[in-house]
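Worksheet: one structure, shown below.
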Amino acid sequence: MPHNPRCFLVIPSVCWGLLMTLSGSIAYGQGMAMPKSGSPQAAGPCPQGQHLDLMKMCVPNAAPPSTPVMFRVNQFMAYSSTSGPRGQSRATGPGHWSLMLDKDVSTRQHLNVAVMGSLEQWSVGDKGTPQLFQTENLDSMHPHDRLMALEFRDAVALTPGGTKKLTLLFAPRGEAAVGPVPFMHRESAEGNPDAPLGHTQQDGFHDASTVIGLGYHVGRTAAEVTAFSGQSISWPFPMHVPDSYSVRVNQSISNHIGVGASVLSALLPEDGIASHSRFISAWLTTSHVIGGHTVKSSSIWGQVRDGEQRTLNSFLEEVVCQTGKNKAYGRAETLQATSGQLEIVLAGGASEVRWGRAYTAGYERTLVAMGGLTLYGGGSYTKNLIPAVFQPAYGSGTRGVKASIRINWAVPQMQKMASK
């Protein structure tokens, strides 16, 4: 392992960003559709659909922004198999659904209401989706709650044309202003059913409790401040006194390149005792149409300093390239994990922090497309590089394979149903 693991991801990030910046003479597709509320979407074209304001993503064949109500399902059924002493094999169903109201109240006021939920409590279960070196649920990704978000956003234009906007947010449960667009909505992660191994450090506060926020959007810049509760979420929507705070800034450099950063101080329960943790993250996103190929990428760094004053870093590179019905995606990660997080008992009770890596290559193909319903089929292969001190628990040649089908169903016009 190199002496400076950061170079593993920072160098490709810089090179890719410079390449995309210098490629301005290439003929691009449709430019970015800026959301009416919230932070600006990561730069990029959406040649076959529209950006959803709250979900911050492109939906094929979506209705224009004037459509008041939209329902969407993005559901995987996947068979995952991981190797080694901690390997697991099982079928799970990660995914989510969302119901959104997106309406102009007046010429200068726009209302967004979103409900987002998941079937993962039943389709994934307590064991989670197998994923080696995932610290969220010990070598598997935990199931999300049945209702992950209930958000109300009211955006008021301060100038004609909306070049300056003020957005008020209230969410009994919803996204705190932390990190980039969460992985399940991120365009560069399209087709990949797995959460990043660094999910906690990078974008892990998309379903926080009792979120109150204020956003200011001017030109290509958006700044947000949120206060929320760090208490564990539970059913249905218990309200708490906000005890955690975050600030996030997004900057669109062009219609195809965006950068952002956030900082968070959170009061989180740890072994029954609440302690303060600090989270810092930064990201670079790109989206281009080059020679008929749509290419989207994200470079993300996340860092957490927990109540024990340990500092843990994670770096991620992910990219998806789509040509017609074919989509190839990749993800490269390097992150620090502790022996305690991985429940590894070392000699003498020592606690170790080590860097681990994972490389994923995947493919997805559109099988059926009818109106708002699309069926995909695909699979992926992941190679894990486990630090030597953790290999007695994991083994030395660990890997993961996955086969999946995905249903993406968007119902853009539900005015008649909503009026009943």
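Sequential numbering from 1 along the given sequence is applied to the chain's residues.
- Contacts of Arg399 classified as salt bridge (charged side-chain N to carboxylate O under 4.0 Å, His left out), with partners at least two apart in sequence or in another chain: none.
- Under the 4.5 Å side-chain criterion, counting only non-hydrogen atoms from C-beta, Ser209 is not in contact with Arg173.
- Under 3.5 Å, the side chains of Lys296 and Ser287 contain a donor-acceptor pair of N or O atoms.
- Pairs passing the salt bridge (Lys or Arg N to Asp or Glu O under 4.0 Å) check and including a residue from residues 368-397, sequence neighbours excluded, do not occur.
- Judged as a side chain to side chain contact (heavy atoms under 4.5 Å, CB included), and not counting sequence neighbours, the contacts of Leu312 are Gln201, Val304, Gln336, Thr338, Gln341, Val353.
- For Ser244 against Leu267, the heavy-atom pair with the smallest separation is OG-N, 3.0 Å.
- A donor atom on one side chain and an acceptor atom on the other are found under 3.5 Å apart for Asn250 and Trp283.
- The closest side-chain donor-acceptor pair between Thr286 and Ser297 falls under 3.5 angstrom.
- In this structure, a donor-acceptor pair under 3.5 Å is absent between the side chains of Ser380 and Thr360.
- To the nearest 0.5 Å, the span separating NE2 on His276 from CZ on Arg278 amounts to 13.5 Å.
- Atoms CZ and OG1, on Phe390 and Thr398 in that order, are 13.0 Å from each other to the nearest 0.5 Å.
- With sequence neighbours excluded, the residues forming a side chain to side chain contact (heavy atoms under 4.5 Å, CB included) with Leu373 are Met370, Ile407, Trp409, listed by chain and number.
- Annotation: side chain of Thr129 is in contact with side chain of Asp194 (closest heavy-atom distance under 4.5 Å).
- Between Tyr329 atom OH and Asn192 atom CG the span is 4.5 Å, to the nearest 0.5 Å.
- Closest approach of Ser83 and Gly397 over heavy atoms only: OG-O, 3.8 Å.
- Counting all heavy atoms, side chain and backbone alike, Pro196 lies closest to Gln202 at CB-OE1, 4.0 Å.
- Qualifying side chain to side chain contact (heavy atoms under 4.5 Å, CB included) partners for Thr107, counting only residues two or more places apart in sequence or in other chains: none.
- Inter-residue side-chain proximity for Pro68 and Leu101 is flagged as met; some heavy-atom pair is nearer than 4.5 Å.
- A donor-acceptor contact under 3.5 angstrom links the side chains of Ser80 and Lys402, judged on distance only.
- Salt bridge Arg186/Glu318: present, at least one basic N to carboxylate O contact under 4.0 Å.
- Residues meeting the salt bridge (charged side-chain N to carboxylate O under 4.0 Å, His left out) test with Glu120, sequence neighbours left out: none.
- In this structure, a donor-acceptor pair under 3.5 Å is present between the side chains of Tyr363 and Asn326.
- Leu197 approaches Ala358 most closely through the heavy-atom pair CD1-CB, 3.7 Å.
- Glu333 contributes atom CD, which lies 5.0 Å from atom CG of Leu316 (distance to the nearest 0.5 angstrom).
- By the ring pair (Phe, Tyr, Trp, His ring centres under 6.0 Å) test, Phe205 is found to be paired with Phe228, Phe279, residues two or more places apart in sequence or in another chain being considered.
- For the pair Glu364 and Lys325, the salt-bridge criterion is not met [side-chain N within less than 4.0 Å of a carboxylate O].
- Using a distance-only test at 3.5 Å, with no hydrogens or angles considered, no donor-acceptor pair links the side chain of Gln322 to the main chain of Ala328.
- For Lys127, the side chain to side chain contact (heavy atoms under 4.5 Å, CB included) criterion is met by Arg90, not counting sequence neighbours.
- Between the side chains of Thr82 and Gln131, not a single donor N or O lies within less than 3.5 Å of an accepting N or O.
- In terms of modelled atom types and a separation under 3.5 Å, the side chain of Gln75 and the main chain of Gly93 share a donor-acceptor contact.
- Thr200 is linked by a side chain to side chain donor-acceptor pair (under 3.5 Å) to Glu136, counting only residues two or more places apart in sequence or in another chain.
- Side-chain contact between Met100 and Val115 is absent, with no heavy-atom pair separated by less than 4.5 Å.
- Side-chain atoms of His110 and Asp104 include a donor-acceptor pair closer than 3.5 Å.
- Side chains of Thr221 and Gln251: a donor on one and an acceptor on the other come within 3.5 Å.
- Taking the side chain as every heavy atom from C-beta outward, Glu190 and Arg406 approach each other to under 4.5 Å.
- Scanning for ring pair (Phe, Tyr, Trp, His ring centres under 6.0 Å) contacts around His206 gives His144, His199, with sequence neighbours left out.
- For Thr323, the side chain to side chain donor-acceptor pair (under 3.5 Å) criterion is met by His293, not counting sequence neighbours.
- At least one side-chain heavy atom of Ile257 sits less than 4.5 Å from a side-chain heavy atom of Leu284.
- Ser229 and Thr210 are not linked by any side-chain donor-acceptor pair at a separation below 3.5 angstrom, with hydrogens and angles left out of the test.
- When the side chain to side chain donor-acceptor pair (under 3.5 Å) test is applied to Asp139, the partners found at least two apart in sequence or on another chain are Arg86, Tyr394.
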